[in-house]
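Working notes, structure below.
Bear in mind that the values here come from a model prediction, so they are computed numbers and not experimental data.
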Amino acid sequence: MTENTVTLHIDGTPYQMPEGMNLVDAARIYAGIEIPIFCYHPKMEPVGMCRMCLVDIGFEARDRATGEPVLNPDGTPQVRWGRKLETGCTTRVTAGMHIRTKTQAVTKARKDILEFLLSSHPLDCPICDKGGECPLQDLTMRHGPGTSRMAFDEKKRLGKHLPLGDLIVLDCERCIQCARCIRFQAEVVGDDVLAFHERARSLQIISISDPPFDTYFGGNTADVCPVGALTTVDFRFGARPWEMENIPSISPHGPVGENIALGVRLDRDSGGVKRVKRVLPRQNEEVNEIWISDKTRFGHHFTLSPDRLQTPLLRKRGELVEASWSDAIKAAAKAVKEAGNRVGIIAGPMMTNEDLYMLRGLAGHVGSRKLGVWPPNLGDPDPVAEVGIAAGSRLTALGKGDAVLVIASDLEEEAPIWFLQAKQAADRGAHLVVANMRTTKLDRYAGHVIAYDFNEGVDVLNGLTAAAISHRWTNRSALERVNGYDELTAALKGTRQPYKEAAEAMAKARNLVVFVGDDGLDPEGHTALLRAAANFLIITGHAGQLNNGLVPVWPGANTQGAFDLGFSSENTRAMLKNPPEVLILAGAPAAADPAYAALLDRVETVISLTMFHNAAAGADAPTTAVVLPIQSFAERDGTFTSAMRRVQRFYTAHGPAGQSLPAWEAVGLIGERLGMPRPPRSSALVMQALTEEVRLYSEMTYPALARVAEQFPPIGASPDFYGGATRSAAGGTGIAWPSRAEGRGKLTVKAVRAPEGVKPGPGELVISPVRRLYDRTPEFYTATLMHGRIPEPFAAVNTADASRLGIANGDSVVVHVAGAAVHVTAVVDSYAPEGVVLLPLYLSSEPMPLVPLAGTVEKITEPVPAD
Amino acid sequence: MLKEKYADRIAAIFAKYPDKRSAMMPLLYLAQEEYGYVTPEALGEIAALIGVDPTQVRSISGFYTMFREEPKGKYWLQVCTDLPCALRGAEQFYQELLAELDVEDGGTTADGMFTVERVMCLAACDRAPVLQNNFHYHENLDMDKMRALIRQWREEAGQPAPDAAADSADPDDSAAG
Ligand code: SF4
Ligand code: FES
Ligand code: FES
């Protein structure tokens with residue numbers, strides 16, 4: 001779009017707007033005039049397929065000889081109208097353009113198109129899930145004919161309950177062939193797994209990928225479908241749109257902080273408890289736009305799982321038995337009191353800021369500073385505070401002239417929405433560099449793919465920085481505020497620079513966003529990689545600029561919040577060397593790592609705050625003395641801080657599982673027994689106290705977090721206009737705290753080297769954990785409808801290693817690492833780098849280390865005994 | 001596998017187009033030639049050759065009437081019954097052809113010789129009724145000409161008409177179509 005402002009006359013009234021915008025958006029946004037649409041969607045290229053948006057278009061006449069405007073007798077410019085109507089969605093605003101949206105011809109065209117669309121439509125609105133929020137229904141009421149000239153028995157009969165994969169059901173009769181679903185998959189996602197089959201009235205949507213509809217984003221097609229042709233299996237026939245309350249919420253899965261709305265309703269059989277009937281995206285252009293991953297959409301079912309812990313448990317005569325809250329709190333408080341400052345805390349990925357604040361208050365009260373974060377493999381997050389992506393940045397702003405680097409992360413698996421956004425930035429012309437030790441799907445869209453050997457990510461970034469320094473692609477004015485530049489230059493002298501072109505594209509980019517993950521890294525490696533990324537951003541002048549900066553691909557929904565409140569992975573690791581006397585596991589599946597499972601046995605008492613009482617949360621440890629049931633994100637309110645440092649608020653959607661309490665409250669009760677002041681009465685008050693104590697969060701009061709930033713284009717605001725079930729931003733769009741680079745102070749660069757890494761002995765390989773989107777953590781696996789999509793436990797072995805070890809694809813193998821034995825199926829291909837076995841986390845229920853270590857892989861020749 | 005068996009032809013097809021995806025139709029023809037129709041496996045093979053999801057290949061094979069996704073007879077008879085052809089008697093011709101071969105619309109004769117289906121415009125509207133037999137055109141047809149052609153094709157295939165048997169056809173046979 002050019003920045004030229006032009007005048008468009010709509011129905012005779014002049015409106016100012018940027019040149020080049022399509023007529024549908026232009027009329028809606030600048031004049032508040034509706035041009036009805038079906039196939040157009042503001043997040044996709046216009047295709048002009050449905051013809052619903054027909055308008056009359058004219059241009060101001062000019063005298064051919066003189067080039068002067070031809071005027072009417074009254075002095076107004078004469079308009080030459082086109083001979084036929086044209087589609088508004090595919091026509092862009094230019095100077096001197098006039099359109100008419102209310103003429104007889106336009107009105108008739110709308111009526112005709114609707115009659116045509118309905119000629120083969122089943123009109124089963126009374127039993128259709130879309131009824132009540134259906135653009136076809138709404139536009140028919142507004143613009144359609146009252147009756148049809150088509151007899152019902154001539155309608156084409158097609159399949160009505162066709163599964164498109166495990167999660168979406170297709171009703172072919174309702175489909176109006178707008179191709180939004182297909183275009184979403186092809187354009188937005190890049191998984192071309194949907195298509196039309198046959199043609200004309202026999203046309204239907206198909207998917208024959210393996211498995212069918214193989215994508216992490218399929219649920220969004222049900223949102224953008226302008227009719228009830230695509231429905232999700234869990235919401236189908238579940239409720240009417242107008243019966244639900246849409247509770248603003250935040251995805252508890254992953255670092256993106258997808259803004260969502262939980263549609264809740266009282267069910268006849270739900271015993272007076274509201275249920276989440278569906279999860280819809282809530283528009284936030286700075287976060288997830290209007291898309292959510294299927295994990296976020298369908299994973300929420302864990303909140304109502306019967307496996308949730310309902311009551312506190314207390315160890316009595318060797319057994320964990322149900323207990324009252326007061327007994328449980330008494331026991332927990334007693335243990336904490338006796339341990340004094342030898343209390344350690346490990347906080348898991350779904351602990352909210354309020355929970356963490358109360359936990360740290362409790363630790364502070366007894367004089368402990370052992371505030372650990374789970375997982376334990378993360379490095380020092382300080383570079384994020386220094387050069388994290390600038391507050392208010394949007395990935396949607398990236399395009400031609402910009403660059404994105406993704407390093408040590410499989411974005412599709414770890415942060416699917418960022419995968420979409422990085423891919424689309426590349427589609428818009430941004431230079432995408434993907435650097436990993438293994439292939440990832442994002443490689444397809446990259447201008448440069450850098451495949452490095454295990455543990456060489458830091459060298460890659462150092463090489464990029466060295467290239468920027470030696471070619472003077474640095475930014476002179478930025479260097480004025482940099483400490484340590486000369487030392488960095490000296491330290492990098494002689495560094496290999498094999499990726500000069502990538503370095504140049506990134507350094508010279510107008511905007512540069514760098515995603516840094518922890519794939520294949522131990523904590524030292526992760527620390528070094530984050531720092532190395534910061535160095536590049538700083539010396540090339542990108543740090544602190546809008547739409548620039550570092551994005552850490554943290555594992556959890558509130559990992560950043562935990563860091564902000566003084567928790568660290570380092571503290572967690574320190575507990576291995578120096579075990580606390582009492583260990584509080586707050587939503588941390590620590591026993592999923594054998595080293596920490598052993599730690600549980602070495603402490604005197606474990607107090608576990610958890611939603612699920614399972615082995616990972618300490619259920620099998622004899623030291624676990626108190627287990628407290630805590631509430632999920634849907635049962636309470638609170639805040640999560642995304643990895644882009646955006647503090648976002650979510651609201652209570654339904655009642656608690658059993659007697660569970662919000663973690664902050666449970667912690668407050670323990671504190672109260674220890675003589676701390678009475679805990680605040682609401683999470684809003686906890687946050688109030690937090691804002692007074694934590695400088696970074698001084699602005700983040702609940703009322704401030706509830707403020708809604710203007711969204712453009714406003715997609716959720718009018719469901720029938722853009723034809724999406726997407727909700728508007730109501731409830732708050734959150735506030736990101738600024739990085740230090742956004743201030744004026746000095747920035748520091750510091751040379752880092754790759755740590756030594758893992759040195760496998762003879763016969764050993766590196767066993768490197770891998771994060772997968774779909775896993776068997778209870779916060780996902782109890783959403784049983786997803787089971788078909790979760791892979792069996794596997795280990796990816798490089799072809800060369802496999803042939804040396806005599807392992808074939810599909811063999812049962814056992815991976816021995818750090819005392820753990822993990823039984824999996826071998827997937828043999830070139831996906832894993834040579835010498836490295838990739839072992840997905842939480843696919844197997846067997847404990848495995850969260851950091852890369854040396855180990856062995858052995859084929860199981862004996863049949864595995866059934867257990 | 002097409003990939004091994006027709007490596008040269010496939011290479012020649014790809015060489016013709018700047019974009020691999022453009023080779024989809026020629027590859028579908030190749031698969032149909034090899035397997036008799038576009039089998040589900042063929043969709044996967046072509047998808048792998050081009051580097052797209054099989055869904056995209058099926059979309060193309062489903063759109064065009066030249067591709068068949070179910071097994072077909074040795075002779076594949078496609079008759080246009082679109083409006084211009086219908087005006088020249090194509091619809092009636094088609095019905096008579098079905099009756100002659102004792103087969104349903106879109107079906108295959110019990111002996112596996114003929115598959116008969118109606119298609120949209122064959123671009124020979126002025127010479128209707130028009131029929132394509134395995135992509136060879138036969139124009140200005142009537143049933144006399146048609147019977148002669150059928151006899152000829154049967155002979156070519158070494159399966160002369162089971163004349164008397166045709167009348168007392170086993171009722172179960174129609175189910176096989
Ligand atoms: S299923 Fe829905 S989104 Fe897809 S083409 Fe049909 S109407 Fe459009
Ligand atoms: S043709 Fe314009 S919205 Fe469909
Ligand atoms: S309409 Fe029958 S061949 Fe053209």
Should we count NZ of B:Lys74 as having more than 12 external heavy atoms under 6.0 Å?
no
Please check if the number of heavy atoms outside B:Phe14 that lie under 6.0 Å from its CZ is greater than 12.
yes
Between B:Gln56 and A:Leu194 (side chain of the first, backbone of the second, donor and acceptor by atom type, cut-off under 3.5 Å), is there such a pair?
yes
Quick check on B:Gln92: does its CD atom have over 12 non-hydrogen neighbours (other residues, nucleotides or ligands) under 6.0 Å away?
no
Should we count NZ of B:Lys3 as having more than 12 external heavy atoms under 6.0 Å?
no
Scored by heavy-atom pairs under 4.5 Å with chain B, the best of A:Asp214, A:Asp192, A:Ile206 is A:Asp192
With a 4.5 angstrom heavy-atom cut-off, is it the side chain or the backbone of B:Leu43 that approaches chain A, or both, or neither?
side chain
Heavy-atom proximity to chain B below 4.5 Å, by part of A:Leu203:
neither
Quick one: does B:Thr55's side chain have a donor or acceptor within less than 3.5 Å of a partner on A:Ser207's backbone?
no
Of all heavy-atom pairs between B:Tyr64 and A:Arg199, which one has the smallest distance, and what is that distance?
CA-NH2, 4.0 Å
Side chain of B:Ser59, backbone of A:Phe196: donor and acceptor closer than 3.5 Å?
yes
